[in-house]
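In what follows, a structure is listed as structure tokens, so that the remarks can point back to it.
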Amino acid sequence: MLDLLIFNATLPDGSTNMSVGIKDGIFALVDEGQRPDAREALDAEGQLLSPPFVDSHFHMDATLSLGMPRLNASGTLLEGIGLWGELKPLLTQEGLVERALRYCDLAVSRGLLAIRSHVDTSDPRLLTVEAMIEVREKVKPYLDLQLVAFPQDGYLRAPGAAQSLERALDMGVDVVGGIPHFERSMADGAASVEALCRIAADRGLPVDMHCDESDDPLSRHIETLAQQTLRFGLQGRVAGSHLTSMHSMDNYYVSKLIPLIAEAQINAIANPLINITLQGRHDSYPKRRGQTRVPELMDAGVNVAFGHDCVMDPWYSLGSGDMLEVASMALHVGQMTSRDAMRRCFDAVTVNAAKAMGLENYGIKTGNRADLVLLQAADPIEAIRLRANRLVVIRKGQIISRTEPHVASLSLPGRPETVNAAEYVPGGGTP
């Protein structure tokens, strides 16, 4: 007998009247129309049953710190980095853990069950690393938290940063990070990419670098990252995050760059909410969009994922923990309005992001871990359009969050639809 059966569900690939059975926290059945015995049965009523949302780029150590010690007046990336530097001496492990756990509560209510968080390793105390490792253990029953050793102040630029990063990895941080465009010169940026890829190769770890988060078309560290990925045999284990300089590069250079990224099997992670607000700050008009070339990368076969990046911190005063909001921003900025392109944006916060993180046993498939979110929407496009209500969130076969369906209708010809009105009250407690 199954532990849980969800029937009459629609899957992201368009399959309808699907039955998904769970036994011992694993998918035991994924088929059309079957109704085997189960201790608990749930009628999906034709709604969208999806694997959980995945945030492949976040900063958990800074989240919910808005206004500490002041606000970012210019809204720029560099002031945000400076403000974070002012905040670091004031941080406590207790405060870091409390804010991160509060955010994780919010994430779960949004059906977000896997997050890759960059953790600043520039402070030799490694207070942020200790705190985020504690958080990773606390949330393990209901959320996969992957940590990146991130030398925010520059791997070569900041005194002791190289040693601190190695110590963080020794403590059990999962991924090697970097920020080559923040080094003092292009040469130092390239040298940092080489050194960090070497560390990852020696330790058998993945790489995820903040790369070319700039409006400067000559910031081309992604080219170096692709070259070093091939040199060290890291194909499929490397992510380039942001890549915003690509929106300012000329088309001829990009026509050579994108095939190199594809050849190196680099995962490209865009952060639409942050990229569109931080970039182009020095432009008057016309004003550049900040997002990297998402459609072009996807068309070239590059795995493109989206990250939320920030929520209420020195860089971004907004944020909701909602990956559908992220997908919607990417869709609009990238002008990805065809039916296929909109579905690809949904993939970028689910299956693509899971691939970028290297998650195992992800997806609605027999034998995989039974993680799910039931959305109040008919399909992925409607889910993005309506920021669909998360009716049920399931982790390892257990229902860990429920939200009542909203009944107000927004009717279109021949098709009733519903509006997402779910709200989350912070401080509701850890599931």
Could you go step by step and tell me if Arg220 and Thr224 meet the side chain to side chain contact (heavy atoms under 4.5 Å, CB included) rule? CA-CA 7 Å; Arg220 298 178 173 184; Thr224 305; over 6 Å; no
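- Between the side chains of Glu325 and Ser320, at least one donor-acceptor pair of N or O atoms lies under 3.5 Å.
- Applying the salt bridge (charged side-chain N to carboxylate O under 4.0 Å, His left out) definition to pairs two or more places apart or across chains, those involving residues 63-76 are Arg70-Glu79, Arg70-Glu86.
- Remark: Asp322 engages Arg390 in a salt bridge, criterion side-chain N to carboxylate O under 4.0 Å.
- No side-chain donor-acceptor contact under 3.5 Å links Asp212 and Ser214.
- Partners of Ala149 according to the side-chain contact (heavy atoms from CB on, under 4.5 Å) rule, which considers only residues two or more places apart in sequence or in another chain, are Thr121, Leu165, Ala168, Leu169, Val173.
- Between Asp170 and Arg203 there is a salt bridge, since at least one side-chain N of the basic residue sits less than 4.0 Å from a carboxylate O of the acidic one.
- Pairs engaging residues 286-300 under the side-chain hydrogen bond (donor to acceptor under 3.5 Å, both in side chains) rule: Ser248-Arg288, Asn251-Arg293, Asp283-Arg288, Asp299-Arg344 [sequence neighbours left out].
- Contacts of Pro314 classified as side-chain contact (heavy atoms from CB on, under 4.5 Å), with partners at least two apart in sequence or in another chain: Ala62, Ser65, Leu83, Trp84.
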Could you list the donor-acceptor pairs under 3.5 angstrom formed by side chains in residues 4-12, with sequence neighbours left out?
| unit_1 | atom_1 | unit_2 | atom_2 | d |
| --- | --- | --- | --- | --- |
| Asn8 | ND2 | Asp43 | OD1 | 3.4 |
| Thr10 | OG1 | Gly46 | O | 2.9 |

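- The pair Asp371-Lys396 does not meet the salt-bridge criterion, since no charged nitrogen lies less than 4.0 angstrom from a carboxylate oxygen.
- Partners of Phe182 by ring pair (Phe, Tyr, Trp, His ring centres under 6.0 Å), not counting sequence neighbours: none found.
- Applying the salt bridge (charged side-chain N to carboxylate O under 4.0 Å, His left out) test to every pair with at least one member in residues 253-274, sequence neighbours left out, gives no pairs at all.
- Donor-acceptor pairing under 3.5 Å is lacking for the side chains of Glu98 and Tyr103.
- When the side-chain hydrogen bond (donor to acceptor under 3.5 Å, both in side chains) test is applied to Thr76, the partners found at least two apart in sequence or on another chain are Ser74.
- For Glu32, the side-chain contact (heavy atoms from CB on, under 4.5 Å) criterion is met by Asn17, Met18, not counting sequence neighbours.
- Annotation: ring-ring contact (aromatic ring centres under 6.0 Å, His included) contacts involving residues 350-401, sequence neighbours excluded, are absent.
- Each of Leu113, Ile22, Asp144, Leu359 was evaluated against Arg369; a single residue qualifies, Asp144, per the side chain to side chain contact (heavy atoms under 4.5 Å, CB included) test.
- Partners of His118 under the ring pair (Phe, Tyr, Trp, His ring centres under 6.0 Å) rule, at least two apart in sequence or in another chain, are His57, His59, Phe150, His210.
- Taking 4.0 Å as the cut-off between side-chain N and carboxylate O, Asp174 and Arg136 count as a salt-bridged pair.
- The only option from Leu143, Leu147, Leu145 that meets the side chain to side chain contact (heavy atoms under 4.5 Å, CB included) definition with Val135 turns out to be Leu145.
- Sorted by first and then second residue, the salt bridge (charged side-chain N to carboxylate O under 4.0 Å, His left out) pairs involving residues 345-355 (not counting sequence neighbours) form an empty list.
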